Amino acid sequence: QKLQENIYTAHERTVNRLCWNPKDAFLLISGSQDGTVRLWDTRIPTNPKSVMVMQGQSDSVQDVDYNPFNTHCFAAGYESGNILIWDVRKPDTCETRIVGHDSYVFTLAWHPENKN
């Protein structure tokens with residue numbers, strides 16, 4: 001069986017992480033070295049579209065992870081050590097900025113039971 005290959009182009013530098021929306025199998029977010037997070041609509045497999053761009057900082061995005069309790073929200077971890085919480089319904093600014101690390105945030109995970 002031949003797998004279908006799709007090429008997603010929009011980021012200007014390397015993509016560090018992808019995360020599928022846990023409730024909508026057609027939505028994907030990507031975090032990149034170019035400092036942006038993009039929301040992708042994959043309903044048309046031969047023509048995936050970047051439908052939204054979020055840029056809260058200029059440094060690279062190391063990880064992205066959807067909130068399992070609110071799939072409009074996701075967290076992005078940055079090279080600077082900051083974590084930004086985004087709501088895709090308000091892409092112009094992050095909801096919350098968490099400053100507490102001196103360097104890279106390589107991985108993120110939401111608490112499995114705590115909705116906040």
Side-chain angles (χ1 to χ4, degrees):
Q1 179 180 0
K2 183 177 178 177
L3 295 176
Q4 183 172 351
E5 181 179 298
N6 296 315
I7 299 174
Y8 294 62
T9 56
H11 285 291
E12 296 175 15
R13 295 187 61 202
T14 303
V15 171
N16 290 327
R17 188 74 66 200
L18 301 171
C19 184
W20 290 99
N21 186 304
K23 303 271 193 229
D24 187 337
F26 294 108
L27 296 178
L28 171 72
I29 52 174
S30 58
S32 170
Q33 289 285 113
D34 65 12
T36 64
V37 176
R38 290 185 178 268
L39 175 67
W40 298 87
D41 184 343
T42 66
R43 277 183 271 260
I44 303 171
T46 56
N47 189 22
K49 296 198 181 308
S50 173
V51 295
M52 196 173 298
V53 180
M54 286 126 310
Q55 182 163 11
Q57 300 194 173
S58 60
D59 57 323
S60 70
V61 180
Q62 298 297 308
D63 195 14
V64 290
D65 193 27
Y66 271 106
N67 181 331
F69 301 104
N70 178 356
T71 56
H72 295 292
C73 295
F74 67 89
Y78 291 82
E79 183 177 327
S80 64
N82 293 337
I83 299 169
L84 275 55
I85 309 297
W86 294 89
D87 185 326
V88 297
R89 297 167 296 187
K90 298 179 249 172
D92 294 332
T93 185
C94 68
E95 292 276 297
T96 305
R97 181 181 304 265
I98 301 167
V99 179
H101 299 277
D102 295 327
S103 190
Y104 295 78
V105 174
F106 286 115
T107 59
L108 297 166
W110 293 89
H111 191 281
E113 296 170 357
N114 186 345
K115 295 181 182 185
N116 298 316

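Position 1 is the first residue of the sequence, and the numbers go up from there. A quick note: this is a predicted structure, and the numbers were derived from the prediction, not measured.
- Between the CZ atom of Phe69 and the NE2 atom of His111 there is a distance of 8.5 Å, given to the nearest 0.5 Å.
- Contact check for Lys23 versus His72: no side-chain heavy atoms found under the 4.5 Å cut-off.
- Side-chain contact, Asp63 with Thr107: no donor N or O sits under 3.5 Å from an acceptor N or O.
- A salt bridge does not link Asp41 to Lys49: none of the charged nitrogens lies less than 4.0 Å from a carboxylate oxygen.
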I would like to know whether Ser32 and Val61 meet side-chain contact (heavy atoms from CB on, under 4.5 Å); could you show each step before the answer?
CA-CA 5 Å; Ser32 170; Val61 180; 5.8 Å; no
Applying side-chain contact (heavy atoms from CB on, under 4.5 Å), run through His101 and Ile83 and close with a yes or a no.
CA-CA 9 Å; His101 299 277; Ile83 299 169; 4.2 Å; yes
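- Here Ser80 contributes atom OG and Tyr104 contributes atom OH; the two are 10.5 Å apart, rounded to the nearest 0.5 Å.
- Counting heavy atoms from C-beta outward, Thr71 and Asp24 have side chains that stay 4.5 Å or more apart.
- Taking each heavy atom of Val37 and Ala76 in turn, the nearest pair found is CG2-CB, 4.1 Å.
- A distance of 8.5 Å separates OG1 of Thr96 from CG of Leu84, quoted to the nearest 0.5 Å.
- Within the structure, every pair that satisfies the salt bridge (charged side-chain N to carboxylate O under 4.0 Å, His left out) test and touches residues 67-94, not counting sequence neighbours, is listed here: Asp87-Arg89, Lys90-Glu95.
- Shortest non-hydrogen contact noted between Pro91 and Trp86 is O-CZ3, 3.4 Å.
- Grouping the Ile, Leu, Val, Met, Phe, Trp and Tyr side chains by contacts below 4.5 angstrom, directly or via other members, places Val64 with Val88.
- Between Val105 and Gly81, the shortest heavy-atom distance links the atoms CG2-O, 3.3 Å.
- Closest non-hydrogen pair, Gln55 versus Thr36, comes out as OE1-CG2, 3.6 Å.
- Side chains of Asn82 and Gln57 form a contact here, defined as non-hydrogen atoms less than 4.5 Å apart.
- Annotation for Asp34 and Arg13: closest pair N-CB, 3.8 Å, computed over non-hydrogen atoms.
- Gln33 pairs in a side chain to side chain donor-acceptor pair (under 3.5 Å) with only one of the listed residues (Asn16, Thr14, Asp59), which is Asn16.
- When all heavy atoms of Trp20 and Tyr66 are compared, the pair lying nearest together is O-CD1, 3.4 Å.
- Between the SG atom in Cys73 and the CD1 atom in Ile85 there is a gap of 8.0 Å [rounded to 0.5 Å].
- Distance OH/Tyr78 to OG/Ser58: 10.0 Å, rounded to 0.5 Å.
- Side-chain atoms of Arg38 and Ser50 form a donor-acceptor pair, as typed in the model, at a separation below 3.5 Å.
- Both Leu39 and Phe74 are part of a single hydrophobic cluster, where members link through side-chain heavy atoms under 4.5 Å apart.
- In this structure, the side chains of Val15 and Ser30 come closer than 4.5 Å at one or more pairs of heavy atoms.
- Taken from OG1 in Thr42 to CG in Leu27, the straight-line distance is 7.0 Å, to the nearest 0.5 Å.
- Between Leu18 and Trp40 there is no side-chain heavy-atom pair separated by less than 4.5 Å.
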